[in-house]
Amino acid sequence: MAVSTGAYIRLVGVARTYEATRPVEALKDCHLEVLPGEFATVMGPSGSGKSTLLNVIGLLDRPTAGVYWLNDEDTSRLDERARTRLRASALGFVFQAFHLISHRSALENVELGLVHRGVQRRERMARAEAALVAVGLEHRLGALPSTLSGGEQQRVAIARAIAGRPLALLCDEPTGNLDSRATDALMALFHQLNSTGLTVVIVTHNRAVAEGSDRVILVRDGMVTPDRLVGR
Ligand code: ADP
Ligand code: MG
């Protein structure tokens with residue numbers, strides 16, 4: 001699955017405050033750049049703002065201050081429709097919970113992910129199959145999620161994400177439900193996808209996942225420290 005160029009992600013002074021009983025500053029004055037084709041991991045304690053950061057990058061959430069540029073587009077200028085369109089065309093998501101439809105086959109789960117993108121059925125089936133081949137599940141196209149291992153279910157979720165031909169893959173604790181062997185296999189897959197030019201951003205608690213990435217972005221109390229390398 002060739003990708004011409006990955007996404008270029010740039011956050012300038014981004015903050016996100018939640019209006020709860022009292023305001024929660026989940027992100028404060030964040031400056032961050034992820035280059036096209038980069039493999040970045042995001043680490044930090046629980047509650048530090050990692051998911052909020054990924055949701056902002058994924059256009060699932062809006063900053064309350066600052067500007068998020070995606071491929072040189074100022075996303076703060078986009079209305080909801082344009083954000084949804086950009087999200088669908090540029091971004092793929094993988095979460096800790098696989099979020100597969102239990103009574104649908106692997107192929108159908110991936111194919112259904114393309115329906116709202118307006119892709120015709122024949123093309124959807126072809127792309128879904130190619131994506132499942134790309135993640136090494138060509139022998140399980142008709143399998144229901146319950147008959148797949150955790151690692152295989154996550155591969156279906158990854159296939160669903162890449163079938164949309166994104167420029168960036170955004171993953172929130174994708175190996176959180178997997179054992180170390182399945183984790184290693186999944187990381188090899190992420191690196192293989194990255195080698196085609198896809199930008200990859202992975203939130204993780206697992207140092208083994210962070211090792212081998214181009215850079216580690218540390219998040220602490222809503223603030224990012226972008227350029228510290230693992231082992232320094
Ligand atoms: P992490 O992913 O690093 O565990 P989060 O980004 O989920 O952290 O959360 C960062 C902070 O924002 C935490 O204090 C959390 O309680 C708070 N928070 C997250 N989502 C909401 C929300 N919808 N409403 C209010 N507070 C929230
Ligand atoms: Mg989180």
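Values below: all heavy atoms of this structure, side chains included; hydrogens, waters and symmetry mates excluded. Both counts, for ligands and for their atoms, begin at 1 and track the order of listing.
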Closer than 4.0 Å and a protein heavy atom, does any atom meet both conditions relative to atom 24 (N) of ligand 1? yes
The closest protein heavy-atom partner of atom 7 (O) of ligand 1 is S51 CB, 3.8 Å
Which ligand 1 atoms, with their elements, are less than 4.0 angstrom from a heavy-atom of S46? 4 (O)
Atoms in ligand 1 with a heavy atom of P45 nearer than 4.0 Å: 3 (O)
Atom 15 (C) of ligand 1 protein-contacted (non-hydrogen atom, under 4.0 angstrom): no
Report the residue from D61, T52, T64, N55 that forms a side-chain contact (heavy atoms from CB on, under 4.5 Å) with L27. T52
Test: R155 and E152 ion pair at under 4.0 Å: no
Atom 19 (C) of ligand 1 - nearest protein heavy atom and its distance: Y18 CE1, 3.3 Å
I need the nearest protein heavy-atom contact for atom 13 (C) of ligand 1: residue, atom name and distance, please. G47 O, 3.6 Å
One thing to verify: whether E73 and R83 come together as a salt bridge, which I'm taking to mean a side-chain N less than 4.0 angstrom from a carboxylate O. no
Looking only at distance, does G49 have an N or O less than 3.5 Å from an N or O of ligand 1? yes
Name the closest protein heavy atom to atom 6 (O) of ligand 1, giving the residue it belongs to and the distance to 0.1 Å. T52 OG1, 2.6 Å
Give the contacting part of V24 toward ligand 1: side chain, backbone, both or neither, where contact means a heavy-atom distance below 4.0 Å. side chain
Please state whether the separation between the Mg ion (ligand 2) and some N/O/S atom of S46 is under 2.8 Å? no
Taking atom CG of L86 and atom CG of L70, what is their separation to the nearest 0.5 Å? 5.0 Å
Following the transitive rule for hydrophobic clusters with a side-chain heavy-atom cut-off under 4.5 Å over Ile, Leu, Val, Met, Phe, Trp and Tyr, establish whether V119 and V110 coincide in one cluster. no
Going by side-chain contact (heavy atoms from CB on, under 4.5 Å), L186 matches just one of T175, I202, V209. Which one? T175
Would you say G44 contacts ligand 1, with heavy atoms under 4.0 Å as the rule? no
Enter the distance from E80:CD to L59:CG here, rounded to the nearest 0.5 Å. 9.0 Å
Please check if the number of heavy atoms outside R117 that lie under 6.0 Å from its CZ is greater than 12. yes
Say whether G222 and ligand 1 are in contact under the criterion: heavy-atom distance to a ligand atom below 4.0 Å. no
Please determine whether residues W69 and L53 belong to a single hydrophobic cluster, defined as Ile, Leu, Val, Met, Phe, Trp and Tyr linked transitively by side-chain heavy-atom distances below 4.5 Å. no
